[in-house]
J.: 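First, the structure itself, so that you have it in front of you.
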Amino acid sequence: MEKSKKALPIVLASALAATPLVAVPQQASALSSVTVTADEDTAGEDSEYIIEFGVDKDLDEGDTITIKFDSDFDVDDSIDDSDVDIDGYDIADVEVDGNEINIELDEPIDSGADLEITISNGITNPDDEDTYKVGVKTSSEKTMKYDDVKIKEDGKKGNSSSKDDFNVDLSSEKAGEKVSIELGDFDLDGKDKLETGETITVIFPDEDMLPKSINKADVKVNGNTAKSIEVDGDEVTIDVPSGADGDDYINLEFLKGAGISNPDTADDYTFEVKYDGTTYESESFEITKSGSSSSSSTVSGDYTVNLSDPAAGARSSYTFETDFGKDLKADSDLVIEFPSSDMVPMILSTSDFTVNGKTPKKVGALGNKVYITTPSNFSADSSVKVVVAYTAWITNPKTAGSYNLKATVANKTITSKSFSIGGSTVNPTTPTTPTSPTTPTPTPGVNNSTATITLTNTALNQATGVNVAIKGLGVGLAKQRDFIELVFPAGYRVPAYIAPANISVNGVAANFVAVRGQNVLVYPGQDIPAASAANVAINAAANIVNPGVKNAYSISVFTSEEKGLQFARAVGVGMPAPTTPTKPTTPTAPSTQPAANVPANAALFKVNAKTFTLHGKNYPLQVAPYMAGGNTTMVPAQFFKEALALTTQWNNQSVAIISGTKVLKFTVGSNKARVGNQEVTLPSPVVLKDGMPMIPVRFVTDNLGYKVGWDAKTSSVYVYR
């Protein structure tokens, strides 16, 4: 609303100035505890006003409530019942008479009721800094009852008695506990806007709450990762990121990874936030002692956890439903505690979780805990149903047994009924008899006489990768049902559990891996037809350890669909291995220079070469780029981090590549990726090679605005922006 400019006649203005607004007859009032709150207390600004009071006499349908603003306020005469709300009661009509707003009731109100009237539009604050009066009366009173509202000058912080500047949301109120914190949203003073290059300072109530340093990735400004963070005593200074440039409000999030703890002493506290010369103060928040009435309570055995696959070490969905008595509200936190941290992947996506059918606002992990923030449109319900999808890559405990989940909302923790994880964990020192296969119908002409088994490390007592090249299968294998069985001789140390991501078959991560003593059963993630080759690659992260005695050891290969031994090969342990070129530890000059038309900032790489070139110098890659399917160039995730300086996170299960606000997410073994919340199909699936996820380079460059070219002089692909 534009502020109206109404000129008062000189005589009338003088009369008003000479007549104190508070000079009213002193009669008994039927109102109590009148409080007036200004949403914006800056001079000359439009503001929402909330008037709260108690009614000590009955009001009937047709009675009126009158709100009177000091004459220095501008009250728009177009205010109607759409601009006024009485919490819980119907309004028949609203009329404006000068600076009075008369509200006609459409239903009776009983004595003793506490009313809250909100006037959302049509009120403009006085032009000058001062304390002003706002009054209220009903049809039952002859006089107004007033409250003071302090209006401040533009650019200064006032001391309004109305309300605090912003809210504080803590993941826990328990003293000394590590927490995530959200401050805001709150509007900036006057015409202030956030600007890149400026800083926001947060003053914490206790210096001991803060670590010595905070990673910028753990602080968000209006949903954007902070540009930089500095901790000094009780102050945290935040550089405004480009994504928040131009915003006229502030919302600050400190994730749990920031390492911030609640004060050690139970008491009431406040935060202050400073920006552009203005200080904003938070509401008061309470920190409680452990064991106090508002601290965490625990209930056991309340709900059932359903798994899509209960096998030990298997990837599985998790679903449960329990009763939190409407404690879980919009924009609040639900914490799921899994039995162990190795069950939870490093990267989580909101699209893989639902709470009462809604996608969360945020999802994060710390150790064995998953933190879920409900969306703003979430409706509180006593029954809370959580679905963690199979695509979230949660894996079961590695050891068979009974386990529980814990779910926490508003400091109330509910422990699930026990659920069973099955499987065997025997680990004898000699091989067990391979699984008896079904009656086969072998394909004639299959010959594995040239099949090979090689080790990536032949040193004694060292973890090694194992590569098995089967030239042809007599009987095809069905994904998720059939398996290839490798039998390691006595002396090898085979762990009781191997993650599927550490073994691939024909470049695709295994669907499942079972370990029975010295036998490793690999279930492929794709169908393998009869007579086709099957290349099994076990990386060193699987932790299969060579014997401690120098010798030649025979490794045997079986499949679930064929009787008898497929083949066995001897591998030398503790014997000299063929020399391979050493990876450069420092940049070396390239043997050839790129063509003159290659941009100076371009990163170059060659297919099948384990280096990339940047600014004329060569740097090592863990895995060489290669061609998949004849037309898709695959590069290691490392390339995007080190050659293109993109924020890149990866493990054996997933990859995330971040550029500004755009996030690309990949799953090892899948040809599906996510661009933000949209699922798209890749030209070739992501595979794990020697412990490194390999990504289709053009998919990343096309989605993040990079260009790709070919340098014929050096036979290199170059990438630039």
Side-chain angles (χ1 to χ4, degrees), residues 312-313 340-342 395 397-400 423-435 448 450-470 483-505 509-510 512-523 534-559 564-583 585 610 620 622-623 651-652 688-692:
S340 61
S341 59
D342 56 0
T395 55
K398 300 177 181 64
T399 305
S424 172
T425 58
V426 296
N427 189 18
T429 57
T430 57
T432 60
T433 302
T435 303
N448 278 308
T450 58
T452 60
I453 300 176
T454 58
L455 306 178
T456 62
N457 186 354
T458 60
L460 300 175
N461 290 318
Q462 296 296 310
T464 182
V466 182
N467 295 311
V468 180
I470 303 172
F483 57 83
I484 298 167
E485 188 164 6
L486 308 180
V487 181
F488 289 84
Y492 269 90
R493 298 198 296 277
V494 181
Y497 169 79
I498 297 176
N502 287 327
I503 301 182
S504 65
V505 181
F512 181 67
V513 177
V515 177
R516 300 186 307 181
Q518 301 294 103
N519 301 30
V520 177
L521 283 62
V522 181
Y523 292 75
N535 295 303
V536 181
I538 305 176
N539 64 41
N543 202 30
I544 294 175
V545 179
N546 286 329
V549 178
K550 178 180 176 181
N551 206 340
Y553 295 82
S554 181
I555 299 175
S556 304
V557 179
F558 299 80
T559 77
L565 176 71
Q566 297 295 301
F567 61 91
R569 295 290 180 267
V571 293
V573 177
M575 302 176 182
T579 59
T580 56
T582 304
K583 292 182 181 178
T585 56
K610 295 172 72 172
Q622 183 175 323
V623 180
N651 56 26
N652 290 342
L688 193 70
K689 190 172 183 182
D690 294 336
M692 174 64 67

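For the single chain, residues carry numbers from 1 onward in sequence order.
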J.: Side chain of R569, backbone of S554: donor and acceptor closer than 3.5 Å?
T.: no
J.: Look up atom CG in L455 and atom CG in N457, then write down how far apart they are to the nearest 0.5 Å.
T.: 8.0 Å
J.: Quick one: OG1 on T452 to CD1 on I470, what's the gap to the nearest 0.5 Å?
T.: 10.0 Å
J.: Do V522 and F483 touch side chain to side chain, with heavy atoms closer than 4.5 Å?
T.: no
J.: Going by heavy atoms in the side chains, are V466 and F488 under 4.5 Å from each other?
T.: yes
J.: What closest approach, in Å, do G548 and N461 show between heavy atoms, and which atom pair accounts for it?
T.: CA-OD1, 3.3 Å
J.: Treating Q566 as the side-chain partner and N448 as the backbone partner, does any N or O pair qualify as donor plus acceptor under 3.5 Å?
T.: no
J.: Work out which heavy atom in S556 is nearest to a heavy atom in A568; give both atom names and the distance.
T.: OG-CB, 3.8 Å
J.: If you apply the rule side-chain contact (heavy atoms from CB on, under 4.5 Å), what do you find for V571 with I453, and how did you get there?
T.: CA-CA 7 Å; V571 293; I453 300 176; 4.1 Å; yes
J.: Can you check side-chain contact (heavy atoms from CB on, under 4.5 Å) on N467 and T456, steps first, answer last?
T.: CA-CA 8 Å; N467 295 311; T456 62; 3.8 Å; yes
J.: Testing the basics here: between N652 and G691, what is the closest heavy-atom pair and its distance to 0.1 Å?
T.: OD1-O, 3.8 Å
J.: Within the 4.5 Å heavy-atom criterion, are L460 and V549 side-chain neighbours or not?
T.: no
J.: Given side-chain contact (heavy atoms from CB on, under 4.5 Å), test N535 with V505 step by step and report yes or no.
T.: CA-CA 6 Å; N535 295 303; V505 181; over 6 Å; no
J.: For Q622 versus M692, what's the shortest heavy-atom pair and its separation?
T.: OE1-CE, 3.4 Å
J.: Less than 4.5 Å apart, any side-chain heavy atom of N551 and any of V573?
T.: no
J.: Do the non-hydrogen side-chain atoms of L486 and I538 ever get within less than 4.5 Å of each other?
T.: yes
J.: Do the side chains of V520 and I498 get nearer than 4.5 Å, heavy atoms only?
T.: yes
J.: Can you check side chain to side chain donor-acceptor pair (under 3.5 Å) on Q462 and N546, steps first, answer last?
T.: CA-CA 5 Å; Q462 296 296 310; N546 286 329; over 6 Å; no
J.: Taking all non-hydrogen atoms of both residues, which atom of F567 and which atom of A469 are closest, and how far apart?
T.: CZ-O, 4.3 Å
J.: For I484 and F558, what are the C-alpha separation, side-chain angles and deciding distance, and is it a side-chain contact (heavy atoms from CB on, under 4.5 Å)?
T.: CA-CA 6 Å; I484 298 167; F558 299 80; over 6 Å; no
J.: For F512, enumerate each residue passing the ring pair (Phe, Tyr, Trp, His ring centres under 6.0 Å) test, keeping only those at least two apart in sequence or located in another chain.
T.: Y523
J.: In Å and rounded to the nearest 0.5 Å, what is the CG to CG distance from N543 to N502?
T.: 9.5 Å
J.: Would a 4.5 Å heavy-atom cut-off, applied to side chains only, mark V515 and P495 as touching?
T.: no
J.: For the residue pair D690 and N539, confirm or rule out a side-chain donor-acceptor distance under 3.5 Å.
T.: no
J.: Of all heavy-atom pairs between Q518 and Y492, which one has the smallest distance, and what is that distance?
T.: NE2-O, 3.0 Å
